[in-house]
Amino acid sequence: MNRIRNNFHCEFSPDGRYLVGVSGGRDSIALLHWLIESGYKNLIVCHLNHRLRGRASDADARFVEKVADQYDIDVAMKAIDVRGFAKKQKLSIETAARKARYKFFVNVAKRRNCHAIFLGHHADDVVETFLINLFRGSGTTGLAAIREVSERGIDHVQLTLVRPLIGVWRNEIDRYVRSHRLKFREDVSNRDLVPLRNRLRHRVVPYLEKALGRNIRQSIWRAAMILAEEEAWIENQLSNSTGIELSVAELRALPTALQRRRIVKWLRSQEVVNVGFDVVENVRSLLDHDSRVAKINLPHDRHVRRRAKKIFVTD
């Protein structure tokens, strides 16, 4: 795990109190072990049982609870029917699981008064997410989706997401797990080629590397990191875009690129899901002086309206 940056401990002191997301899989178990070995003792292990794999999901929860007990650290656990939640909200299983997971993290953060969480995303996750968003037609915001440190606002709570392994590759994590003889839970669904991420991991990326005769992972990771730094700077310039309403006049005064970025950030702050190019452009259409349209539709029966020179979200 030598690729974790040297000054990480300075920014996130081992004396601090942090949440850590632990699924029981290889990556999160390696992260938890590294944190403990690095002197992080005041941790709260967070585990959400998605109930997607029946008894295996319950076994994952018991395993995580046992690991936390072995390390003598606190644990917060919850179970949720993600499949039912996805059906009710008309979301994909992956999107529903992610939404439920972050909702759980925020609830724990509020109860324990701890607003930073360590997550086990690594360099291969960055590459796969970059490609998924590229194929979906995302702009630079989507291509820079995974950052080492980012903020997520949910239910008026700001949660700091910290990913220490962002520069560590999967094969390095494998070596770390073997060298320390760490036990973990293997998720057999990771070998299922139906989900796009798994097809990218097992088929597309290896094919591209063979066809091009080079390791493309490092190049994609580097591009994603550059974009992440640029996006972080731009977001700081748009720090006032997370209110309940947007001013039509202020948006009109911005260049098109900044209009889009402010709208994206604002929609996400309103917990609007699936914010794609079409949604952003529809919101931008409300800025047109000649447009008679004062309402556009959002996913899941929500709307953006323009009234009294303001733009706001309604259900």
| request: Of all the heavy-atom pairs spanning Ile173 and Arg26, show the shortest one and how long it is. | output: CG2-CG, 4.1 Å
| Using 30° and 60° as the class limits, which term best fits the ring planes of Trp221 and Trp169: parallel, tilted or perpendicular? | tilted
| message | salt bridge (charged side-chain N to carboxylate O under 4.0 Å, His left out) for Arg199 and Glu128? Distances and angles first, verdict last. | response | CA-CA 10 Å; Arg199 294 202 303 277; Glu128 291 158 10; over 6 Å; no
| query | For Leu286, does its backbone N or O pair with a side-chain atom of Arg306 as donor and acceptor, under 3.5 Å? | reply | yes
| With distance as the sole test, does Arg163 use its side chain to make a donor-acceptor pair with the main-chain N or O of Arg147 at under 3.5 Å? | yes
| How far apart are the closest heavy atoms of Ala61 and Asn49, and which atoms are they? | CB-ND2, 4.4 Å
| message | Same cluster or not: Leu35 versus Tyr176, using hydrophobic residues (I, L, V, M, F, W, Y) connected whenever any side-chain heavy atoms lie under 4.5 Å apart? | response | yes
| Expected output: side-chain Gln259 to main-chain Leu254 donor-acceptor under 3.5 Å | yes
| task | Measure the acute angle between the ring planes of Phe105 and Tyr102, then classify it against the limits of 30° and 60° as parallel, tilted or perpendicular. | result | perpendicular
| Side chain of Arg201, backbone of Asp125: donor and acceptor closer than 3.5 Å? | no
| task | Keeping the roles fixed (side chain from Asn7, backbone from Cys10), state whether a donor-acceptor pair exists under 3.5 Å. | result | no
| message | Side chains of Asn282 and Asn297, heavy atoms from C-beta outward: is any pair under 4.5 Å? | response | no
| message | Determine whether Phe118 and Leu19 satisfy the following criterion, side-chain contact (heavy atoms from CB on, under 4.5 Å), listing intermediate values before the conclusion. | response | CA-CA 6 Å; Phe118 293 127; Leu19 309 178; over 6 Å; no
| Should Lys41 and Asp72 be marked as a salt bridge (charged side-chain N to carboxylate O under 4.0 Å, His left out) after you check the CA-CA gap, both sets of side-chain angles, and the distance that decides it? | CA-CA 9 Å; Lys41 303 298 183 182; Asp72 193 26; over 6 Å; no
| request: For Trp266 and Ile244, work out which heavy atoms get closest and say how close. | output: NE1-O, 3.4 Å
| Is any side-chain heavy atom of Val75 closer than 4.5 Å to a side-chain heavy atom of Ile44? | no
| Under 3.5 Å donor-acceptor, Tyr18 side chain and His115 backbone | no
| task | For the residue pair Arg175 and Arg178, establish whether any side-chain heavy-atom pair is separated by less than 4.5 Å. | result | yes
| Do the side chains of Arg83 and Ile93 get nearer than 4.5 Å, heavy atoms only? | yes
| query | Taking the side chain from Asp69 and the backbone from Glu65, do they hold a donor-acceptor pair closer than 3.5 Å? | reply | no
| Between Arg197 and Thr129, is any side-chain donor less than 3.5 angstrom from a side-chain acceptor? | yes
| request: Please lay out, stage by stage, how Leu196 and Ile132 fare under the test side-chain contact (heavy atoms from CB on, under 4.5 Å). | output: CA-CA 8 Å; Leu196 175 58; Ile132 288 171; 4.0 Å; yes
| said: I need the single residue from His303, Arg307, Arg305 that forms a side-chain hydrogen bond (donor to acceptor under 3.5 Å, both in side chains) with Thr314. Which is it? | reply: Arg305
| request: Run the ring-centre check on Phe12 versus Tyr40 and record whether the distance is less than 6.0 Å. | output: no
| task | Please examine the side chains of Phe63 and Ile29, heavy atoms only from C-beta on, and report whether any two atoms are closer than 4.5 Å. | result | yes
| note | Here the pair of heavy atoms bringing Glu148 nearest to Ile166 is CB-CG2, 3.9 Å
| What heavy-atom pair brings Asp81 and Arg51 nearest, and what distance separates the two atoms? | N-CD, 4.2 Å
| Exercise: identify the closest heavy-atom pair between Ile216 and Glu209 | N-OE2, 3.3 Å
| query | What residues, two or more places apart in sequence or in another chain, satisfy side chain to side chain contact (heavy atoms under 4.5 Å, CB included) together with Asp60? | reply | His47, Arg53, Arg185
| query | Checking side-chain contact (heavy atoms from CB on, under 4.5 Å) for the pair Leu134/Ile220: CA distance, chi angles, key distance, verdict? | reply | CA-CA 11 Å; Leu134 176 66; Ile220 294 173; over 6 Å; no
| task | Answer yes if the ring centres of His122 and Trp34 are under 6.0 angstrom apart, and no otherwise. | result | no
| message | Given 3.5 Å as the limit, does a donor-acceptor pair link the side chain of Ser28 with the main chain of Ser23, or not? | response | yes
| query | Would you say the side-chain atoms of Thr95 pair up with the backbone N or O of Ser92, donor to acceptor, closer than 3.5 Å? | reply | no
| query | Does some side-chain heavy atom of Leu43 sit less than 4.5 Å from a side-chain heavy atom of Asp74? | reply | no
